[in-house]
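This report refers to the structure that appears directly beneath it.
Protein chains get the first letters and strands the later ones, always in sequence-line order, with residue 1 at the start of each.
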Amino acid sequence: MTLRLHDTATRDVRDFVPLEAGKAGIYVCGLTVQSEPHVGHVRSAVNFDVLRRWLTASGYDVTFIRNVTDIDDKILAKGEAQGRPWFEIAYLMGRELDKALDAINVLPPTYEPAATGHVPEILELIGQLVSRGHAYPAEDGSGDVYFDVRSWPSYGELTRQRVEDMEPAEDADPRGKRDPRDFALWKGWKKALEPETAAWPSPYGPGRPGWHIECSAMAAKYLGPAFDIHGGGVDLRFPHHENELAQSRAAGQQFAAYWLHNAWITTAGEKMSKSLGNSLLIPEVLKRVRGIELRYYMVSAHYRSHVEFSFDALDDAAAAFRRIESFLERSDAAHMAAELPAAFVAAMDDDLGTPAAIAVIHEHVRDGNRLLAAGESADDIASLVVAMLDVLGLDPGDPKWGPSGGSDDERLSAAVDVLVAGMLEERASARAEKDWARADAIRDRIAAAGIAVEDTPDGPTWSLAEGDA
RNA sequence: GGUGGGUUGGCCGAGAGGCGAGGCAACGGACUGCAAAUCCGUAUACACGGGUUCAAAUCCCGUACCCACCUCCA
């Protein structure tokens, strides 16, 4: 069986055939670094991280590009409002994003190009479009350059819309456009409103890149005029991806062969982009569950399914993940490169069917627990479980999740271990004397400290209790 | 107005013509001094109305409700 992916352009699931055998080039639209990342922002990153890991696990040599939009109206406005340079905002928010993605084990992209670092490439692409008659400098001398939508007959092909049916944006600035639907490739510097640092010289006067053109230019630079997969959130289908496609094709490039779009995470049916307070910012959510549990929550839904975020559902997901984890703790994964179970491979090959893939993991966990209950070794099954989790970026044994050596966490844990071990010895002697009251009193004291005790054939063990640990 | 998607059990969440994905929660049993963990078992579903079919959660038609996008939101 081969990998099949849902392509927005053809609206069906079809076999993935790479342009070059054994290789896969992916371009994913990253974030505009204008605010702190929340749960919604990182879903896209997790989804495409899973795609990348699966392609890699399937033997592809993957080049994965995720851009950073580090200049736009909002970043400039924020800088203005805070009295700080816009690039300081972009840099700081970029670092916050890196931290958030690292906390949920999203691998760094092969390259992570930023818009401001590619002004020459962008201007070259704009120049091509102008000379081919698909773009024009604004006729009002504003310094803007627009893509001429009417000059490109297949405009709208990605989202199957006809230009005539599109509502002209109410907030669109009509100055100097031939058609209200024409979009900006280059934005002329507004001297009175924008800092000089936000303007680059160009044949059309000083200005800065428009949003859509940066992706076209950077995709071509790092992946070439034709590449395999272009990804992003559903909201980007139009206008962003439609515009990218039009620009790149109008410039004579083949562009992406497959278009993948992930669905939203919403709360109370609303998009998260609105101001919903801070509770959904990644650092806040990570006070409630661990990064690996948040990742499990995201991976347990299919990437094209809309997810209604709730803390209850998040807690459930965390509980489900702990079941897998506790099985692994009670067995010994050999950590050899075990061959993945066929059902897992089939699930992943079917348009990244992570829910079915996770069901396969749970079935293995149950089988493994059954063996353990019968006093047999479940190590082989544990190895398979680890191998499957690893593909999803969910291996608890991955050093990336663990506390770094010599950290406070580790020392604290060692200290607690000494104290709890002493108490458990006392309890053991109480139990030996069948003094249940004293035994339970000791266990209650330990529990009151937020520590759960579990009796096993090899003696009692302790771990931090769920919830308020 | 145009385009795309959705409605599955107490909850989350798969599936896409015939065997109840999986998890969380619940209940019963095993194990345990009692628990916890684990195992075994149980119940509760496919928005509504028609139609096609031997057979529909799945296909078709209609209805209701919900969501997204329509020019700088993942």
Side-chain angles (χ1 to χ4, degrees), chain A residues 8 11 28-32 34-35 37-48 69 71-74 147 149 156 159-162 164-169 171-173 177 180-184 187 209-212 214 231-240 242-243 261-266 269-274 296-297 300-302 304-308 310 312-321 323-324 326-327 330 343 347 353-363 365-366 369-374 431 434 436 439-440 443 447 452-456 460-461 465:
Chain A
T8 302
R11 282 194 302 185
V28 174
C29 289
L31 282 179
T32 299
Q34 47 110 353
S35 62
H38 56 60
V39 176
H41 288 131
V42 300
R43 180 179 188 191
S44 182
V46 170
N47 288 152
F48 288 105
T69 299
I71 187 163
D72 83 326
D73 291 348
K74 286 179 186 165
F147 183 86
V149 165
T159 52
R160 289 155 203 275
Q161 299 180 90
R162 297 185 311 165
E164 306 81 63
D165 292 333
M166 295 176 190
E167 283 183 359
D171 60 342
D173 191 348
K177 283 188 183 180
R181 284 153 285 232
D182 289 352
F183 56 89
K187 302 179 74 118
W211 179 35
H212 317 298
E214 63 174 271
V234 275
D235 58 315
L236 298 182
R237 283 181 308 195
F238 191 90
H240 188 51
E242 193 72 74
N243 291 355
H261 291 100
N262 65 277
W264 291 98
I265 280 193
T266 59
E270 285 180 51
K271 291 171 61 167
M272 286 190 186
S273 50
K274 311 276 156 62
Y296 177 89
Y297 174 60
S300 65
H302 190 259
R304 284 193 288 118
S305 290
H306 173 129
V307 169
E308 183 75 10
S310 82
D312 284 347
L314 182 63
D315 290 343
D316 282 356
F321 185 73
R323 175 181 162 81
I324 299 171
S326 91
F327 164 65
R330 285 178 295 116
T354 53
I358 285 178
V360 174
I361 292 176
H362 277 288
E363 282 156 12
V365 167
R366 199 198 316 110
N369 278 329
R370 200 180 289 141
L371 286 177
L372 291 177
R431 292 178 76 204
K434 296 199 189 301
W436 307 126
D440 289 350
R443 188 172 61 192
V453 171
E454 186 180 328
D455 288 326
T456 75
T461 64

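D316(A) pairs by the side chain to side chain donor-acceptor pair (under 3.5 Å) definition with nothing, not counting sequence neighbours. Applying the salt bridge (Lys or Arg N to Asp or Glu O under 4.0 Å) criterion to R11(A), with sequence neighbours excluded, gives no partner residue. Checked against salt bridge (Lys or Arg N to Asp or Glu O under 4.0 Å), R237(A) has no partners two or more places apart in sequence or in another chain. For D440(A), the salt bridge (Lys or Arg N to Asp or Glu O under 4.0 Å) test picks out R443(A), with sequence neighbours left out. When the salt bridge (Lys or Arg N to Asp or Glu O under 4.0 Å) test is applied to D315(A), the partners found at least two apart in sequence or on another chain are R288(A). Remark: R370(A) engages D367(A) in a side chain to side chain donor-acceptor pair (under 3.5 Å) (not counting sequence neighbours). For H261(A), the ring-ring contact (aromatic ring centres under 6.0 Å, His included) partners are H241(A), not counting sequence neighbours. For the ring-ring contact (aromatic ring centres under 6.0 Å, His included) test, residues two or more places apart in sequence or in another chain that qualify with F321(A) are Y296(A).
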Sort me out a list of protein N/O and nucleotides 6-8 of chain B N/O pairs below 3.5 Å, or just none if empty.
none

Scan nucleotides 43-47 of chain B against the protein and return all N/O pairs shorter than 3.5 Å with their distances rounded to 0.1 Å.
none

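Consecutive pairing runs in RNA chain B reach the stem threshold at B:1-7 with B:64-70, B:10-12 with B:22-24, B:26-30 with B:38-42, B:47-51 with B:59-63, where a stem means at least three Watson-Crick or G-U wobble pairs with distances under 3.5 Å.
Ring stacking is absent between W264(A) and rA68(B), as the pair misses the limits of under 5.5 Å between centres and under 30 degrees between planes.
At whole-Å resolution of the value, NE2 in H261(A) and P in rU3(B) are 19 Å apart.
Proximity of a side-chain donor or acceptor of R162(A) to a complementary backbone N or O of G156(A) within less than 3.5 Å is not detected.
Side chain R443(A) to base rA35(B): a donor-acceptor pair is found below 3.5 Å.
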Which nucleotides of nucleotides 20-31 of chain B have their base under 4.0 Å from a protein heavy atom (B), which only their sugar-phosphate (S), and which neither (-), written as one string 5' to 3'?
-> -BSSB-------
